[in-house]
Amino acid sequence: MLTLSSSGAYIRFMAQAKQWENKDKEPITLPLMVMDLDSVRTGWLLLAVGQRDWVEDSQVGVKGKQPSPEYKYGFSVKLYSKTTGVVEWCANGVGVNKGFQAIFNACDKLAEQNPGKVPVISYDGATAIKIGVGNTAIPNFSLKNWVTRPAALDADQADADFEEPAPAAAPAPVRQAAKPKPAPAPVQDDEEMFN
């Protein structure tokens, strides 16, 4: 069993409110985001007050054994935008799973045609649905284009507070031996100059 820390940056989709929140539970507007297809993981996720436990599948999309009835099947993916930075989106709700599955499949289908690139997706609102006796919402996404993989997706998040040191000062130029200065010309006053 693998327990993951939730100290990093993450976002979540609140199905009942049809809105996104950051890790401080503040509503956020989701901008265009880059989705890191290489980071996608599936598995069994337990979310409870003060508790998060993740049991990852050995292969994406191939369900492992459910640890207990409290665990629901879900996913984890890294997203990136200039305004949010790199964030994790991890969820196990029925509606959220449906929305993620739809955009992942759309992107995965075109991934081979876009080597070295990552998909840019947009959040296009949510569709309310009734599942069993409860209500939820499916987040809707669309694939906008493909871009070169941002370096931020490969940065070590443990080094997020690391600040690149300032470049070392350039070494002082080596000075050549000074040439002797010519003797100053004798000072003349204006009247002597023009006579």
Side-chain angles (χ1 to χ4, degrees), residues 1-81 83-111 118-146 153:
M1 185 179 315
L2 174 66
T3 301
L4 301 175
S5 166
S6 60
S7 59
Y10 63 88
I11 58 172
R12 61 181 153 207
F13 179 71
M14 306 304 291
Q16 295 299 322
K18 295 183 190 172
Q19 74 179 23
W20 294 89
E21 288 184 351
N22 62 18
K23 71 177 190 173
D24 298 321
K25 298 184 179 181
E26 300 165 334
I28 59 170
T29 300
L30 197 65
L32 287 176
M33 303 284 285
V34 168
M35 182 169 62
D36 183 3
L37 296 176
D38 293 340
S39 74
V40 174
R41 303 291 182 262
T42 56
W44 293 98
L45 178 62
L46 170 66
L47 291 173
V49 177
Q51 189 177 9
R52 178 179 183 265
D53 191 44
W54 174 252
V55 181
E56 189 173 308
D57 293 333
S58 58
Q59 183 179 342
V60 173
V62 178
K63 285 185 183 181
K65 185 177 181 210
Q66 184 178 14
S68 72
E70 295 81 29
Y71 286 74
K72 295 181 184 174
Y73 201 66
F75 66 90
S76 172
V77 63
K78 282 197 299 189
L79 302 172
Y80 169 76
S81 79
T83 56
T84 63
V86 176
V87 293
E88 179 192 16
W89 180 30
C90 185
N92 63 358
V94 174
V96 177
N97 281 349
K98 286 180 180 289
F100 175 72
Q101 183 175 335
I103 191 61
F104 174 81
N105 288 342
C107 295
D108 190 50
K109 192 181 294 184
L110 299 172
V118 288
V120 177
I121 62 172
S122 70
Y123 168 66
D124 302 328
T127 303
I129 61 168
K130 186 168 185 69
I131 295 179
V133 295
N135 295 316
T136 190
I138 299 173
N140 302 309
F141 298 94
S142 57
L143 172 59
K144 295 302 184 186
N145 64 337
W146 293 80
L153 287 174

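The first residue of the sequence shown is numbered 1, and numbering continues consecutively from there.
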Closest contact, heavy atoms only, [X] versus [Y]:
X	Y	answer
Gly61	Thr42	N-OG1, 2.7 Å
Leu143	Pro119	CD1-CB, 3.5 Å
Tyr123	Lys18	OH-O, 3.8 Å
Trp146	Ala111	CH2-CA, 3.7 Å
Val120	Val34	CG2-CG2, 4.2 Å
Val60	Val40	CG2-O, 3.3 Å

> ring-ring contact (aromatic ring centres under 6.0 Å, His included) with Trp89: which of Tyr10, Phe13, Phe75?
Replying inline: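 The option that passes is Phe75.
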> Counting only heavy atoms not in Lys109, do more than 12 sit closer than 6.0 Å to its NZ atom?
Replying inline: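 Not buried by this count: 12 neighbours or fewer within 6.0 Å.
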Gap separating the [atom1] atom of [X] from the [atom2] atom of [Y], nearest 0.5 angstrom:
X	Y	atom1	atom2	value
Ile28	Lys23	CD1	NZ	12.5 Å
Lys98	Ile138	NZ	CD1	6.0 Å
Asp108	Gln101	CG	CD	11.5 Å
Ser76	Trp54	OG	CH2	5.5 Å
Arg41	Glu88	CZ	CD	11.0 Å
Leu32	Asn145	CG	CG	8.0 Å

Donor-acceptor check, side chain of [X] to backbone of [Y], threshold 3.5 angstrom: yes or no?
X	Y	result
Asn22	Asp24	yes
Gln16	Asn135	yes
Lys78	Leu153	yes
Asp124	Ser142	yes
Gln66	Tyr71	yes

> Among Arg52, Gln51, Lys72, whose side chain to side chain contact (heavy atoms under 4.5 Å, CB included) with Leu46 holds?
Replying inline: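 The option that passes is Gln51.
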> Are Leu37 and Val118 close enough, and set up right, to give a side chain to side chain contact (heavy atoms under 4.5 Å, CB included), and what steps lead you there?
Replying inline: CA-CA 7 Å; Leu37 296 176; Val118 288; over 6 Å; no
>> Between Trp44 and Tyr73, is the ring centroid distance below 6.0 Å?
In response: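 Yes, ring centres under 6.0 Å apart.
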>> I'd like to know whether Leu79 forms a side chain to side chain contact (heavy atoms under 4.5 Å, CB included) with Thr84, so could you lay out the CA-CA distance, the side-chain angles of the two residues, the decisive distance to 0.1 Å, and finally the verdict.
In response: CA-CA 9 Å; Leu79 302 172; Thr84 63; over 6 Å; no
>> With a 4.5 Å cut-off on side-chain heavy atoms, are Val87 and Met33 touching?
In response: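 A side-chain contact exists here, since the closest heavy-atom pair is under 4.5 Å.
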